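First the structure, in the form of structure tokens, and then the observations on it.
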4 protein chains.
Amino acid sequence: MSPRTSKQFDRIRQEKKELIMETALELFAENGYHATSISQIAKKAGISKGLTYNYFESKKEILDKLITHGFDSIFESFDLNHDSVLTEEEFIHFIRENFRLLRENLKHWKLFFSLLLQPSVSDNFSKDYAEKGAPMFQMLFSFLKSQGSIDPEGDLMVLSAMLEGAFLYLIVAPEVFPMKIMEEKVINSISRLISTENNSTSKL
Amino acid sequence: MSPRTSKQFDRIRQEKKELIMETALELFAENGYHATSISQIAKKAGISKGLTYNYFESKKEILDKLITHGFDSIFESFDLNHDSVLTEEEFIHFIRENFRLLRENLKHWKLFFSLLLQPSVSDNFSKDYAEKGAPMFQMLFSFLKSQGSIDPEGDLMVLSAMLEGAFLYLIVAPEVFPMKIMEEKVINSISRLISTENNSTSKL
Amino acid sequence: MSPRTSKQFDRIRQEKKELIMETALELFAENGYHATSISQIAKKAGISKGLTYNYFESKKEILDKLITHGFDSIFESFDLNHDSVLTEEEFIHFIRENFRLLRENLKHWKLFFSLLLQPSVSDNFSKDYAEKGAPMFQMLFSFLKSQGSIDPEGDLMVLSAMLEGAFLYLIVAPEVFPMKIMEEKVINSISRLISTENNSTSKL
Amino acid sequence: MSPRTSKQFDRIRQEKKELIMETALELFAENGYHATSISQIAKKAGISKGLTYNYFESKKEILDKLITHGFDSIFESFDLNHDSVLTEEEFIHFIRENFRLLRENLKHWKLFFSLLLQPSVSDNFSKDYAEKGAPMFQMLFSFLKSQGSIDPEGDLMVLSAMLEGAFLYLIVAPEVFPMKIMEEKVINSISRLISTENNSTSKL
DNA sequence: GATGAATGAGTATTCATTCAT
DNA sequence: CATGAATGAATACTCATTCAT
């Protein structure tokens, strides 16, 4: 007879919010933000349309929260702020971490990639993305130099492209590009990719 | 005031059709298919909404025609069907051709990438894309083998990823990744990327 | 920790009810009935939405109760049912009472006026309003006759209009029409407004 | 077979626009802005909901256009900018004009009055209303002085109230307050209302 | 008595598509 | 061939009301 405690309410709110976000993520990633309607989200989540607005101000807010949440769970899970030079081992571990995070956040990544191609959807997604990605570039760059690259800028471009491309393939066609194999091949290629005195002259 | 010949009419039809498609491509690529309305297309093209339906059955058909047309203008411009083995020089030329085509069809590529991430939009876009891309994979593969790769499958994965990633960067952030530099770096990396007896053991 | 007596409960109920009504009056008067939501009322009153329905059947009932209550507190505070003829002094007192009541019930009056213009909102508000106002008309009429008006019907119209208009101005733009000054001016005009043998001929 | 001329389109647009505005005015005036839905307007006008948005950006814009249009057709129909002093005859004519305009724009006036009580609905309606009304106040004031009022400010208040009140009654209960009679009575009262040396001392 | 999660009907608005001219 | 008025279904969002606790 007594009303629910605020703790109970908090739990309900938390659970529902997550349910909505997960459902929305699934649909946004699969069909795109614009092609996904609140009705679809509500239906799939098994709730009423109205309830969605009990938890989120707007469809846009769901997207924004998904982005923030996605960034948090992906980028902030490893500390990229230490300046120390990575050993080969540490670097490999770092790359493997990236693959692991991709594996665990496939939907988020799919959403991110689609937003990259239409940054207008979420106003400063690109900026955030660039910011979040910057430390990674920095890390790749430092590592390349520490490994004796004679053209770290160029190597960085290629290495970044390779990683980004690998990610894209894994998201778009995971059945054609098995995650684990791709991971090994990429890791295996890194050393070869670095331009050193020895290999830089060997023009293709 | 002699009546226009049917030839003239045909030309007018053809021009209008192209005008609509170009305009639609621009808007689809920039804002996405769903976020672009027929009104916007018509307005930007300087024609009436109704006229659009004189040339296309539906908004979807514009997209489909764009895809087909895009594939045609991109993939079929070089003949990928010859089985002969490519020399290094021919191969480099082939890669450069790809960059050139990207440069000339940036909008198409942007559209393609966004469709890759939302294949539902155009029902069998992914299939077409895979089909059109297959000969290229084949060519990369043959080339890798001809160059003495001891793991052509693995090298193919990495090489594909690198190219796809380069393309994505060039589309999404051309100001950060200058086209020409990227092209040189990629080409320069190919030889290093191939796993041969000499370099395969060098574990990172 | 003895259980509250039913008397205490009643008092709590009464207080909550009044709290809700006051809050609703404020919002209805300021923003209109339709533009005011139950959520806003509850929030402003510091209670839950649900509780509102513990005291009122519906939003409409709050309005209706406000109207009834408003009529009660305004019209029934002075006894209009005595038939005796008013002296000048008594009449002036009566008019001053009206101004006083307006001052003390500005929100109610604002609400009343807006309902007058949209009687559909509360079904028979107009009827009630006319009924409640009737004795006042009667009183004005009797007074005008007792003062020697040779056209009491006409004078009544004008006097009513002047009073209603004064009230409207005081509600809508109290800063431009200071209450006390308006009151004096209106009272001062009443005698001049009555058409007597002496002034009726003076055509404007 | 040939397309409609732009003249034909213009006429259609003009007519439909007026139809929508008239219908909206009717409903806004009767039921209020918030209580009137676009569906109702469309239904009553015999058109589809969508068409409304072919002619107006939003529901709010319909209201704003109605206000502007209403002001235009009411206030600007007589020139209030001449500074010359009005004779009695001219003044009476001016007042009669006001009643005529009220008669011809009853719905507009009803809408205006309801907006007066909820200025939030249309952001700066009150300001416009005050501005448009200012010249009329000025005219009343000048006239009162020219007629020898010894308290023109006070008389102005009362006269304004009388007019505004008369208007309100005519809008709200025209069957109880017949327009023509009210008009005569008001006009007849004006001279008596002016406080002169002769009548100012006669305290009620 | 009190809470706020949940619902569903309703609202303003958009947009692909049709069609008379 | 060309126009844009017209439609109707769909969309994001609101809100009075219910109800389990």
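Note: hydrogens, waters and symmetry copies are ignored here, and every other heavy atom, side chains too, is used. Numbers restart at 1 for each chain; the letters A, B, ... are given by sequence-line order, proteins then strands. All figures in this text were calculated on a predicted structure; none of them were measured in a lab.
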Using a 4.0 Å heavy-atom cut-off, does [X] contact any base of the nucleic acid, only the sugar-phosphate backbone, or nothing at all?
{"X": "C/T52", "value": "nothing"}
{"X": "A/I12", "value": "sugar-phosphate"}
{"X": "B/K49", "value": "base"}
{"X": "A/I38", "value": "sugar-phosphate"}
{"X": "B/F56", "value": "nothing"}
{"X": "D/S48", "value": "base"}
{"X": "C/S58", "value": "sugar-phosphate"}
{"X": "A/S6", "value": "nothing"}

Under the side chain to side chain contact (heavy atoms under 4.5 Å, CB included) test against D/E61, which residue among D/Y53, D/F56, D/Y55 passes?
D/F56
Among B/L111, B/N105, B/I41, find the residue that satisfies the side chain to side chain contact (heavy atoms under 4.5 Å, CB included) test when tested with B/L25.
B/L111
Aromatic ring pairing D/F125/D/F112, orientation class (parallel under 30°, perpendicular over 60°, tilted between)
tilted
For the residue pair C/Y129 and C/W109, does the interplanar ring angle fall in the parallel (under 30°), tilted (30 to 60°) or perpendicular (over 60°) class?
perpendicular
Listed nucleotide nearest any side-chain atom of [X], set [options]:
{"X": "A/Q40", "options": "F/dT11, E/dA12, F/dA5", "value": "F/dT11"}
{"X": "D/S37", "options": "F/dT3, E/dA5, E/dA12", "value": "E/dA12"}
{"X": "D/Q8", "options": "E/dT17, F/dT3, E/dT21", "value": "E/dT21"}

[X] [atom1] - [N] [atom2] separation (whole Å):
{"X": "C/Y53", "N": "E/dT3", "atom1": "OH", "atom2": "P", "result": "15 Å"}
{"X": "B/E57", "N": "E/dT17", "atom1": "CD", "atom2": "C1'", "result": "12 Å"}
{"X": "B/I20", "N": "F/dT3", "atom1": "CD1", "atom2": "P", "result": "10 Å"}
{"X": "A/N54", "N": "F/dT18", "atom1": "CG", "atom2": "C1'", "result": "14 Å"}

On DNA chain E, does the nearest nucleotide to A/G46 precede the nearest nucleotide to C/G50 from the 5' side, or the other way round? Give the residue.
C/G50
Note: for B/S39 and C/K16 on DNA chain E, the residue whose nearest nucleotide lies more 5' is C/K16
What is the base-pairing partner of E/dA20, counting Watson-Crick and G-U wobble geometry with both distances under 3.5 Å?
F/dT3
